[in-house]
2 protein chains.
Amino acid sequence: MLGGVSEASWDRSRCSVAGTLGVVGEKWSLLVLREAFFGVRRFADFQRLLRIPKAVLSDRLATLVEQGILARVPYQAEGERQRHEYRLTTKGRDLYPTLVALMQWGDTYLADGPAPLELRHQDCGAPVHLELRCEAGHAVEGPRAVRPVRATPVG
Amino acid sequence: MLGGVSEASWDRSRCSVAGTLGVVGEKWSLLVLREAFFGVRRFADFQRLLRIPKAVLSDRLATLVEQGILARVPYQAEGERQRHEYRLTTKGRDLYPTLVALMQWGDTYLADGPAPLELRHQDCGAPVHLELRCEAGHAVEGPRAVRPVRATPVG
DNA sequence: ATGTCAGGTTCGTCAAGTGAACCCAGGAGT
DNA sequence: ACTCCTGGGTTCACTTGACGAACCTGACAT
């Protein structure tokens, strides 16, 4: 299939998939980020919307902040005391394609009806989806059209 | 940010992100699939390459087969006894963008050097990457350029 | 019949997730 | 000054899941 890389030959320990999962692969992490992409910023809102145990939410937010995916910023609503909220950083925003990929797969294979949520281009209103493309501009149809190569020779 | 959908208004219980994570969100599942995309098919190879406990691997493979993401197919190498191997189905192959998304993020933010693995277009050799595009063909630059809409009104 | 080996299952232990209860700081009301 | 409320947590007892080592099983090969 995709076996251009001799299968046992490359260093799994520095694999970016594993690395990313090490950061956002724990239970709830990606759901917290989903809510963040919907604009949720406050502890109590995450908790209410996700029905996540407080202790777990506390831990996940701390991890995401530690990783630089969320930032814990103080703010003050008028007439209220100072609070802080959790905002996506650029690093966090760049996880958007991951969420979209999960969503698209779910829409295709798990929906018992039409997709519950559709993404539209802000500018033109057309539906948005993820595509695999090469830099020459060709659409890449799937894993079989891809050849993985080790960037650095073993050494 | 992305708050075109009033934030508390849509039904999280049927969210495709949550659904997909329910299927492939357990520890190891996506790493098993990563190996499957590299052409790994046999129990012992998954186990050796991932250093995953056998009991966990057994459970994850069973789940993935149950979900129709992998198929457990018998095969017989010449002079050997019948064995079975785990092959990606179409449903499984369609998780490729998810893996690529995780990989790209890791390459950007976690690598302490160049990306450990690069994906090239089989046909032209150019590097491959994921893009968010609308059906009108515009590149979508990020979450801010996307407006989520509920597909079905409440009811 | 005996051994080997892929492909598992079982078991005791340890880490992680869970919900309920509790805590704490900062205003607001009195 | 003192009490109440509320957001944002922590603590605790319990259950679930991950872990590694040991063990089992059903072909075949000898």
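In what follows, every chain begins at residue 1, and chains take the letters A, B, ... in the order their sequences are listed. Because the structure is predicted, anything quoted here is derived from the model rather than measured.
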Problem set entry | Nucleic acid contacts of residues 61-68 of chain A, taken as heavy-atom distances under 4.0 Å to DNA chain C |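 The stretch gives none, as no residue of it lies under 4.0 Å from the strand.
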[X] has an atom [atom1]; how far is it from atom [atom2] of [N], in whole Å?
X     : N      : atom1 : atom2 : answer
B/F46 : C/dG7  : CZ    : P     : 11 Å
B/D59 : D/dT16 : CG    : P     : 15 Å
B/F43 : D/dC24 : CZ    : P     : 18 Å
B/R60 : D/dC19 : CZ    : P     : 8 Å
B/R48 : C/dC5  : CZ    : C1'   : 14 Å
A/Q47 : C/dT18 : CD    : P     : 12 Å

Closest listed nucleotide, where the reference is the side chain of [X] and the choices are [options]:
X     : options              : answer
A/H84 : C/dG8, D/dG17, D/dG8 : D/dG8
B/R42 : D/dG8, D/dG17, C/dG7 : C/dG7
B/S58 : C/dT9, D/dG9, D/dG7  : C/dT9

Sequence-distant partners of [X], side-chain contact (heavy atoms from CB on, under 4.5 Å), two or more places apart:
X      : result
B/A139 : none
A/K54  : A/F43, A/Q47
B/A71  : B/V73, B/T89
B/D107 : A/S16, B/M103, B/A115, B/P116

Does OP1 or OP2 of [N] have a side-chain N or O of [X] closer than 4.0 Å?
X     : N      : answer
B/R72 : C/dG8  : yes
A/W28 : C/dT18 : yes
A/R41 : D/dG8  : no
B/Y86 : C/dA6  : no

Problem set entry | Pairs involving residues 64-73 of chain B, ordered by first then second residue, that meet side-chain hydrogen bond (donor to acceptor under 3.5 Å, both in side chains) (sequence neighbours left out) |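 Only B/R72-B/H84, B/R72-B/Y86 qualify under side-chain hydrogen bond (donor to acceptor under 3.5 Å, both in side chains).
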Exercise. How would you list, by chain and number, every residue that makes a salt bridge (Lys or Arg N to Asp or Glu O under 4.0 Å) with A/R120, sequence neighbours excluded?
Worked result: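 Salt bridge (Lys or Arg N to Asp or Glu O under 4.0 Å) check on A/R120 returns A/E118.
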Problem set entry | Listed partners of A/D45 passing salt bridge (Lys or Arg N to Asp or Glu O under 4.0 Å), at least two apart |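 Salt bridge (Lys or Arg N to Asp or Glu O under 4.0 Å) check on A/D45 returns A/R48.
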Exercise. So does B/E85 pair up with B/R83, basic N to acidic O under 4.0 Å?
Worked result: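 Looking at B/R83 together with B/E85, the answer is no, because their closest N to O distance does not fall below 4.0 Å.
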For this session: Name all residues meeting the side chain to side chain donor-acceptor pair (under 3.5 Å) criterion together with A/E135; count only those two or more places apart in sequence or in a different chain, and write none if there are none.
Result: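 Not a single residue meets the side chain to side chain donor-acceptor pair (under 3.5 Å) criterion with A/E135.
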Exercise. Got a sec, which residues hit side chain to side chain donor-acceptor pair (under 3.5 Å) with A/R133, two or more places apart in sequence or on another chain?
Worked result: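 Once residues adjacent in sequence are excluded, the partners of A/R133 under the side chain to side chain donor-acceptor pair (under 3.5 Å) criterion are A/E131.
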Problem set entry | A/R41 (side chain) donor-acceptor with A/L88 (main chain) under 3.5 angstrom |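 Side chain of A/R41 to backbone of A/L88, a donor-acceptor pair under 3.5 Å: no, none is there.
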Problem set entry | Residues in contact with DNA chain D, drawn from residues 17-27 of chain B - heavy-atom cutoff 4.0 Å |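 The stretch gives B/K27 as the residues lying under 4.0 Å from the strand, ordered by number.
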Write out a two-atom table: protein N or O, nucleotide N or O from nucleotides 19-26 of chain C, distance below 3.5 Å.
unit_1	atom_1	unit_2	atom_2	d
C/dG26	O4'	A/R81	NE	3.4

